[in-house]
Amino acid sequence: MSSNIIVVGCGRVGSQLASMLSENKHNVCVIDKDPASFSSLGRFFNGSVVQGVGFDEDTLIRAGVETADCVCAVTQRDNANLMVAEVAKRLFHVPHVICRLYNPSHERAYEQLGLDYVCGTTLVAEDMFVKVSSGRGSRIGTFGDFEIMKFSIDLRSNNLETVPVSQLEKAHDIKIVAFSRADGRLSSVPSSKSVLHHGDSVLVCVRHSEISHFDRWIQA
């Protein structure tokens, strides 16, 4: 199914990601403040480009953010990527926002903000492509009919402050492998009496067929 996707940053990773998405029939718009960078997209790229700063509201509107299904922030600066993500999520309510993260020490902050991200310097475009294709949450691995996922859990959108692990597992036929508190003070393998709080990071084993039903628990 074709999606409307904005890629902010047209460096090596951004141009590769945009080309991959375009080849897979998505509607892609690339934003970069340097118009010369668009030459790296190659002759087979059939999307559009917008010159400008990626976290500028007018620039994002020109790129089609109001109807975007996903925004990928892949500039070479963590602060810029974070600003793009916040504008896309908070002002334009884009359903899926993904950031490139350079500094691993910022990883916990990104998790607490509920941001989907790719950390590292290799295979970033491929990892980002998988996230765009498969939806929110960080995929750790695939085992037959199951996915191992890591994400911050959203309870407030479900009108809850806490939820028992056993209740969540039973309702969705999943297994919560481990969790850590949002404040970082506790990490644990859950027991039958464990309770999750809003914003906790969880490591979950879930069937492919259940991911769309489970999506409402993933912090956006």
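Keep in mind that the numbers below use all heavy atoms, side chains included, and drop hydrogens, waters and symmetry copies. Nothing fancy with the numbering, it's 1 onward along the sequence. Note that this is a predicted model, so its numbers are computed, not measured.
Judged by distance alone, the side chain of Glu66 and the main-chain N or O of Ile61 form no donor-acceptor pair under 3.5 Å. The closest donor-acceptor contact from the side chain of Ser3 to the backbone of Ile5 lies at 3.5 Å or more, if one exists at all. A donor-acceptor pair under 3.5 Å links the side-chain atoms of Asp69 to the main chain of Asn4, judged by distance alone. Under the 3.5 Å distance criterion, the side-chain polar atoms of Asp78 are matched with a main-chain donor or acceptor of Asn103. Between the side chain of Asn81 and the main chain of Arg100, a donor-acceptor pair closer than 3.5 Å is present. Checked by atom type and distance alone, the side chain of His198 pairs as donor or acceptor with a backbone atom of Arg156 at under 3.5 Å. Using a distance-only test at 3.5 Å, with no hydrogens or angles considered, a donor-acceptor pair links the side chain of Ser19 to the main chain of Leu41.
Cluster membership check: Leu91 shares its hydrophobic cluster with Ile31, using side-chain heavy-atom separations under 4.5 Å among Ile, Leu, Val, Met, Phe, Trp and Tyr. Using a 4.5 Å cut-off between side-chain heavy atoms of Ile, Leu, Val, Met, Phe, Trp and Tyr, with links allowed through other members, Val204 and Leu160 fall into the same hydrophobic cluster.
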Can you check side chain to side chain donor-acceptor pair (under 3.5 Å) on Asp34 and Ser37, steps first, answer last? CA-CA 6 Å; Asp34 180 9; Ser37 68; 5.2 Å; no
Show your working on side-chain contact (heavy atoms from CB on, under 4.5 Å) between Ile176 and Leu196 and close with a plain yes or no. CA-CA 10 Å; Ile176 297 176; Leu196 297 175; 3.7 Å; yes
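Residue Arg181 qualifies as enclosed at atom CZ: its count of foreign heavy atoms under 6.0 Å is above 12. More than 12 heavy atoms of other residues, nucleotides or ligands shown are found within 6.0 angstrom of CG on Asn158.
Interatomic distance, Ile148 CD1 to Lys175 NZ, rounded to the nearest 0.5 Å: 11.5 Å. Interatomic distance, CZ of Phe151 versus CD1 of Ile218, reported as 4.5 Å (0.5 Å rounding). Rounding to the nearest 0.5 Å places CG of Asp116 at 11.5 Å from CG of Leu101. Rounding to the nearest 0.5 angstrom, the gap separating the OG atom in Ser201 from the CD1 atom in Ile153 is 10.0 Å. How far NZ of Lys150 is from OG of Ser180: 7.0 Å, rounded to the nearest 0.5 Å. Atom CG of Leu60 and atom CG of Asp58 lie 9.0 Å apart (nearest 0.5 Å).
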Check: residues 44-52 side-chain donor-acceptor pairs under 3.5 Å, at least two apart:
residue, atom, partner, partner atom, Å
Asn46, OD1, Ser22, OG, 2.4
Gln51, NE2, Lys33, O, 3.4

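Counting all heavy atoms, side chain and backbone alike, Gly14 lies closest to Val7 at O-CG1, 3.8 Å. Counting all heavy atoms, side chain and backbone alike, Val177 lies closest to Pro190 at O-CD, 3.4 Å. Summarising the geometry of Leu115 relative to Lys89, their closest heavy-atom pair is CD2-CD, 3.5 Å, with the distance given to 0.1 Å. Summarising the geometry of His172 relative to Trp217, their closest heavy-atom pair is NE2-NE1, 3.0 Å, with the distance given to 0.1 Å. Here the closest heavy-atom approach between residue Cys70 and residue Cys72 is recorded as SG-SG, 3.9 Å. Here the closest non-hydrogen pair linking Ala18 and Val30 is CB-CG2, 3.5 Å.
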